[in-house]
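Worksheet: the structure to be examined is printed underneath.
Read the numbers this way: they start at 1 and go in the same order the structure lists the ligands and their atoms.
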Amino acid sequence: MCAASRSLHPPWWQSAVFYQIYPWSFQDSDNDGIGDLRGIRSRLKYLRGAQHSLGVDAIWLSPIYPSPMHDFGYDVSDYVNIDARFGTLKDFEDLLEEAHRLGLRVIMDLVLNHTSDQHEWFRDSRASRLSTKRNWYCWADGKSCGRRPSNWNARFGGPSWTWDPEARQYYLHSFLKEQPDLNWEEPSVRAAMWDVVRFWLDRGVDGFRLDAINWLGKDTRWPNNPFRLGLRGYTRQHHLYDRDQALAHDSMRELRQVISAYPDAVLIGEAAADTPGGPASFYGKGDDELQLVFDFRLMKSPWCAKSFRLFLSQHVPSIPQGGWPTIVMSNHDQPRHIDRYGTGGDAEARARVAALLLLTMPGTPFLYYGEEVGMRNGKLRYRDLRDPYTKRFWPFRPGRDPARTPMQWDASVHAGFTTHRPWLPLPPDSSQRNVETEAADPRSLWSLYRRLLALRRMSPALSRGDYHVIEEGPCDCVLYEREARTKTGTVERMLVAVNFSQRPCEFALPSGSSQGLVLASTTADAATSTWDPARIRLGPDEGQLVRLD
Ligand code: GLC
């Protein structure tokens, strides 16, 4: 696979499992219905404690900076502080200290493309054409007859240009109008952002998840984007000029230089799936841009053997030498995968198989809070919605609020998240589907996640080994092998076999294939059984993890 897998001292983030926390929804400590940092801190032992913990290695916090929250924190009004809803800088430092004491790394979200329109940089910029920060944002005059500078449209709907009566020019915003785009051509913008990066790294954070990076550069001659026939909304244009410019890569190279002073820090990029060269282009030459880049293909792919096989046999190998894959099935922008992978048949059985795949495929896995208990997409009424994007396209698109409902900790009235009315309603099934109930049941989804996390932690093959896809076997099944040398010099080999169909299947691998021991099955209890390659049996929607002899 990747050269780095064979290095003697692989970086921590290659074998780590990340857990994304949506701060609004993880744990409320002051009972205002909104999650906060003290709440998160009180739950760290759940994530990585001596006993009964899930057992992850790093948390990624969606934005916690001061923000008017038009885009729930992705509209930052101060990059070097904490939003009062979540706590104080001191609360953050306490959280960081406690996390590190437990051996848990902490990743901040960093929004580079835009700020809030309430950020003092933007206030200053819009105040006068003579402001020293005027060029920090993208300002332009309209065309004749009051037309906008270009036809560009925004990711969240409507045009990307808004007239500012104070500034007497249009400003560009690729997302909401409350999120003006920074001008990354301006060296002092980059310098200011790199100061932000140092501010947090100096406080001990372990890296950043970088938001929407392919938007960083624009063609500042503002040419019109060509139209695509037959499509609507954001996709009705070819986004040739309003994103995906070389400047985005130049900026990532510059950032990589900045963090080289912090050898353990990791950069994880989020780029649109249709950026030229794909998000993987942000690995650069493998060592000069980002260490990790999200691959959202599994968030878009159907639940079938073909697409997972394709992911493993074509997409993962296309990552440049030196890059390292990521495995992501859910996040705060997409419907949760337990529902997305199909509502017919047994969604829970598929979620169990998805857990096996997430934690055994090659690359760094990212769990989204609550997926370990099988949290479903909330069924929200219009009046419950908070996210402007979700509201705008409701009920035609699933939107984002349904995947952001409060964490389900226990069977109490607000699921142990808060004692107040939660900011988004909890689903009615939280009384059965919650951490407390599932942790007490060895057959629960939670117990499966925990077992797989423990197996992965102890297995060099699973956490950072090479892999190959086994092509033999029925077309509804996916089989792959992971392999690595252990500290004692022996070779460890693991095999994963998954039946994607709702029928049982029985088959044989070619003679000479290794025997082994089934360490985990997604349908049976933890009990182990022997693996006979001459007579493999997988139940409907069953996955097995096998240690080969
Ligand atoms: C990213 C974030 C999303 C946000 C957008 C604009 O895609 O994941 O939540 O709304 O960028 O910052």
Side-chain angles (χ1 to χ4, degrees), residues 18 20-25 60-77 79 83 107-119 122 137-138 152-158 160 162 172-182 184 193 196 208-216 218 233-235 239 242-244 248 252 267-275 278-279 282 290 292-297 299-300 326 328-336 366 368-369 377 385-394 397-405 424:
F18 285 71
Q20 181 188 355
I21 291 181
Y22 197 67
W24 276 78
S25 283
W60 147 33
L61 300 171
S62 285
I64 50 175
Y65 313 101
S67 164
M69 300 290 175
H70 287 287
D71 191 13
F72 288 82
Y74 287 92
D75 46 330
V76 179
S77 55
Y79 285 87
D83 191 278
I107 304 296
M108 304 278 282
D109 215 310
L110 191 62
V111 189
L112 299 171
N113 176 65
H114 44 265
T115 68
S116 157
D117 61 355
Q118 300 305 309
H119 196 296
F122 188 68
Y137 292 84
C138 304
W152 300 354
N153 54 21
R155 183 71 193 82
F156 290 164
S160 310
T162 289
L172 183 72
H173 50 87
S174 298
F175 292 86
L176 296 173
K177 71 175 179 10
E178 293 83 2
Q179 294 169 298
D181 283 22
L182 284 160
W184 276 76
M193 258 328 163
V196 169
F208 298 94
R209 176 266 188 195
L210 308 169
D211 189 68
I213 48 178
N214 63 301
W215 267 272
L216 294 194
K218 302 11 197 222
Y234 185 71
T235 51
H239 291 279
D242 53 346
R243 38 174 264 198
D244 304 322
M252 292 303 102
L267 298 172
I268 310 163
E270 183 222 29
D274 58 352
T275 194
F282 284 95
L290 309 181
L292 294 174
V293 182
F294 286 133
D295 188 323
F296 291 147
R297 267 179 285 229
M299 293 212 301
K300 304 283 171 193
T326 57
V328 192
M329 292 184 179
S330 286
N331 70 13
H332 64 293
D333 289 331
Q334 299 294 330
R336 287 179 176 274
F366 285 79
Y368 183 51
Y369 81 96
N377 294 313
L385 302 181
R386 304 290 297 265
D387 170 33
Y389 173 81
T390 309
K391 283 187 187 170
R392 182 171 182 126
F393 296 106
W394 192 91
R397 289 192 199 160
R400 311 189 293 182
D401 281 329
R404 298 175 176 180
T405 56
L424 280 177

- Message: For H114, state whether at least one heavy atom is located under 4.0 Å from any atom of ligand 1.
- Response: yes
- Task: Mark up the atoms of ligand 1 that fall under 4.0 Å of a heavy atom belonging to D71, in ascending order.
- Result: 4 (C), 5 (C), 6 (C), 10 (O), 12 (O)
- Query: So, are R155 and D242 salt-bridged, with charged N and O less than 4.0 Å apart?
  - Reply: no
- When you measure from atom 1 (C) of ligand 1 to every protein heavy atom, which one gives the shortest distance, and what is it? D211 OD1, 2.7 Å
- Item | Residue E270 vicinity, atoms of ligand 1 by number, heavy atom under 4.0 Å | 1 (C), 7 (O), 8 (O)
- Message: Closer than 3.5 angstrom, by distance alone: can the side chain of Y65 be matched with the main-chain N or O of D109 as a donor-acceptor pair?
- Response: yes
- Note: ligand 1 atoms sitting under 4.0 Å from heavy atoms of R400 are 3 (C), 4 (C), 9 (O), 10 (O)
- Message: Using the side-chain hydrogen bond (donor to acceptor under 3.5 Å, both in side chains) definition, which of the options D75, T115, D71 pairs with Q179?
- Response: D71
- Query: With a cut-off of under 6.0 Å to the ring centre and 45° to the axis, is R404 in cation-pi contact with Y368?
  - Reply: no
- Query: Could D295 and K300 be called an ion pair, given the rule that one side-chain N must be under 4.0 Å from one carboxylate O?
  - Reply: no
- Query: Can you tell which of W184, F175, Y74 makes a ring-ring contact (aromatic ring centres under 6.0 Å, His included) with W215?
  - Reply: F175
- Query: Does at least one non-hydrogen atom of R209 fall below 4.0 angstrom from an atom of ligand 1?
  - Reply: yes
- Honestly, for F156 the part within reach of ligand 1 (heavy atoms, under 4.0 Å) is side chain
- Note on the structure: Per-atom filter on ligand 1: closer than 4.0 angstrom to a heavy atom of F175 are 5 (C), 6 (C)
- Item | Which residue and heavy atom of the protein sit nearest atom 9 (O) of ligand 1, plus the separation | D333 OD1, 2.7 Å
- Lys/Arg-Asp/Glu bridge criterion (N-O < 4.0 Å) met for R243, D274: yes
